[in-house]
Engineer: 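Sending over a structure as structure tokens; questions will come in a sec.
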Amino acid sequence: MAAAAGTAGLLFLYRHPPEQFEFYPRCLFFHLTGFYCPGCGNTRALYALLHGNLLQSLRCNAMLLPLLLCVIILIIFPGITRKAAVGRAVLIVIACFWVLRNLPFFPFTLLIPAN
């Protein structure tokens with residue numbers, strides 16, 4: 001059932017560009033603070049990835065592909081989730097990305113989501 005819902009969501013996103021439709025949720029964290037969260041740009045990045053535009057996907061959110069790879073690995077090897085070090089490593093990487101994408105100078109400005 002989850003796979004069917006996920007597939008339906010991906011098909012919907014494939015046919016409805018985030019730039020053209022207002023019903024996609026906006027980032028509450030960015031709206032309240034003006035800082036980008038680790039997920040800012042994920043909808044646009046996934047849309048670009050679904051259309052085969054890898055470079056645009058990375059430009060919208062550079063963490064989407066590594067996180068998708070992590071999810072695939074966790075599905076294939078579910079025992080890894082029992083290791084606390086794996087969870088800590090993922091959280092540390094996400095936290096570092098969160099901080100770095102909000103630094104206002106090059107090269108970190110490249111991590112700001114493309115519009």
Side-chain angles (χ1 to χ4, degrees):
M1 191 164 218
T7 302
L10 290 175
L11 286 171
F12 185 85
L13 178 61
Y14 183 84
R15 299 180 65 67
H16 298 87
E19 297 85 20
Q20 295 178 5
F21 294 93
E22 294 294 321
F23 50 76
Y24 290 107
R26 301 288 180 228
C27 181
L28 184 61
F29 183 80
F30 179 76
H31 179 72
L32 293 174
T33 66
F35 292 108
Y36 297 102
C37 78
C40 281
N42 268 345
T43 304
R44 288 171 283 160
L46 188 54
Y47 177 81
L49 192 61
L50 288 172
H51 286 272
N53 193 339
L54 180 63
L55 187 58
Q56 182 64 25
S57 177
L58 290 171
R59 189 67 190 97
C60 290
N61 192 322
M63 282 297 290
L64 179 67
L65 289 176
L67 287 177
L68 287 176
L69 181 61
C70 282
V71 168
I72 291 169
I73 289 170
L74 291 174
I75 289 171
I76 295 171
F77 304 106
I80 291 176
T81 59
R82 292 188 205 104
K83 299 182 192 291
V86 172
R88 272 185 287 221
V90 170
L91 288 176
I92 288 170
V93 169
I94 291 171
C96 289
F97 177 69
W98 193 345
V99 170
L100 293 176
R101 79 181 325 196
N102 285 292
L103 295 177
F105 48 87
F106 186 83
F108 306 110
T109 53
L110 295 174
L111 298 175
I112 294 172
N115 289 329

Engineer: With the 4.5 Å side-chain cut-off for hydrophobic clustering, are Ile72 and Leu74 part of the same group?
Structural biologist: yes
Engineer: Can you name the nearest heavy-atom pair linking Ala114 to Gln56, along with the distance?
Structural biologist: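 Scanning both residues, the minimum pair turns out to be CB-NE2, 3.9 Å.
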Engineer: On a heavy-atom basis, which atom in Pro104 and which in Thr109 lie closest, and how many Å separate them?
Structural biologist: C-CG2, 3.7 Å
Engineer: Answer yes if Val71 and Leu65 sit in the same cluster of Ile, Leu, Val, Met, Phe, Trp and Tyr residues linked by side chain heavy atoms under 4.5 Å apart, and no otherwise.
Structural biologist: no
Engineer: Can the ring centroids of Phe108 and Phe105 be said to lie less than 6.0 angstrom from one another?
Structural biologist: yes
Engineer: Has the side chain of His16 got a donor or acceptor atom that lies under 3.5 Å from a matching backbone atom of Phe12?
Structural biologist: yes
Engineer: Counting only heavy atoms not in Phe77 (residues, nucleotides, ligands), do more than 12 fall under 6.0 Å from its CZ?
Structural biologist: no
Engineer: May I ask whether Leu58 and Leu49 are part of the same hydrophobic cluster, defined by side-chain heavy atoms of I, L, V, M, F, W, Y residues being less than 4.5 angstrom apart, directly or through others?
Structural biologist: yes
Engineer: Give me the atom names and distance for the closest heavy-atom approach of Pro38 to Asn61.
Structural biologist: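 Scanning both residues completely, I find the closest heavy atoms to be O-ND2, 2.8 Å.
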Engineer: How many angstroms lie between atom CG of Leu68 and atom CD1 of Ile73, to the nearest 0.5 angstrom?
Structural biologist: 11.0 Å
Engineer: Same hydrophobic cluster for Leu54 and Leu46, using side-chain heavy-atom links shorter than 4.5 Å among ILVMFWY?
Structural biologist: yes
Engineer: Hey, does the side chain of Trp98 reach the backbone of Tyr36 with a donor-acceptor pair shorter than 3.5 angstrom?
Structural biologist: yes
Engineer: Please find the pair of heavy atoms, one from Gly41 and one from Pro113, that lie closest to each other, and give the distance.
Structural biologist: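 It is CA-CB, 4.1 Å.
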Engineer: Please answer whether the main-chain N or O of Tyr14 pairs with a side-chain N or O of His51 as donor and acceptor at a distance below 3.5 Å.
Structural biologist: yes
Engineer: Can you tell if the side chain of Val93 reaches within under 4.5 Å of the side chain of Met63, non-hydrogen atoms only?
Structural biologist: yes
Engineer: Please round to the nearest 0.5 Å and tell me the distance separating atom CG of Leu111 and atom SG of Cys60.
Structural biologist: 12.5 Å
Engineer: Would you check if the side chain of Arg101 reaches a backbone N or O of Cys37 as a donor-acceptor pair within less than 3.5 Å?
Structural biologist: yes
Engineer: Can you see which heavy atom on Leu50 is nearest to which on Leu10, and at what distance?
Structural biologist: CD1-O, 3.6 Å
Engineer: List the atom of Leu110, the atom of Phe106, and the distance in Å for their closest heavy-atom pair.
Structural biologist: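 Closest approach of Leu110 to Phe106, heavy atoms only: CD1-CE1, 3.7 Å.
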Engineer: Check the surroundings of atom CZ in Arg26: do more than 12 heavy atoms from other residues, nucleotides or ligands lie under 6.0 Å from it?
Structural biologist: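 Above 12, so yes.
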Engineer: Is a side-chain N or O of Arg59 found less than 3.5 angstrom from the main chain of Ile112, in a donor-acceptor match?
Structural biologist: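 Side chain of Arg59 to backbone of Ile112, a donor-acceptor pair under 3.5 Å: yes, one is there.
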Engineer: Would you say the side chain of Pro18 lies within less than 4.5 Å of the side chain of Leu13, judging by non-hydrogen atoms?
Structural biologist: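 Yes, at least one pair of side-chain atoms sits under 4.5 Å.
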Engineer: Okay, side chain of Ser57, backbone of Asn53: is any donor-acceptor separation there less than 3.5 Å?
Structural biologist: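 No, the answer is negative, given that no donor and acceptor are paired below the 3.5 Å cut-off.
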Engineer: Consider only side-chain heavy atoms of I, L, V, M, F, W and Y, link residues closer than 4.5 Å, and tell whether Leu67 and Leu64 are in one cluster.
Structural biologist: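 No, separate clusters.
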Engineer: Quick check: are there more than 12 heavy atoms from other residues, nucleotides or ligands sitting under 6.0 Å from CZ of Phe35?
Structural biologist: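 No, the 6.0 Å shell around CZ holds no more than 12 heavy atoms from other groups.
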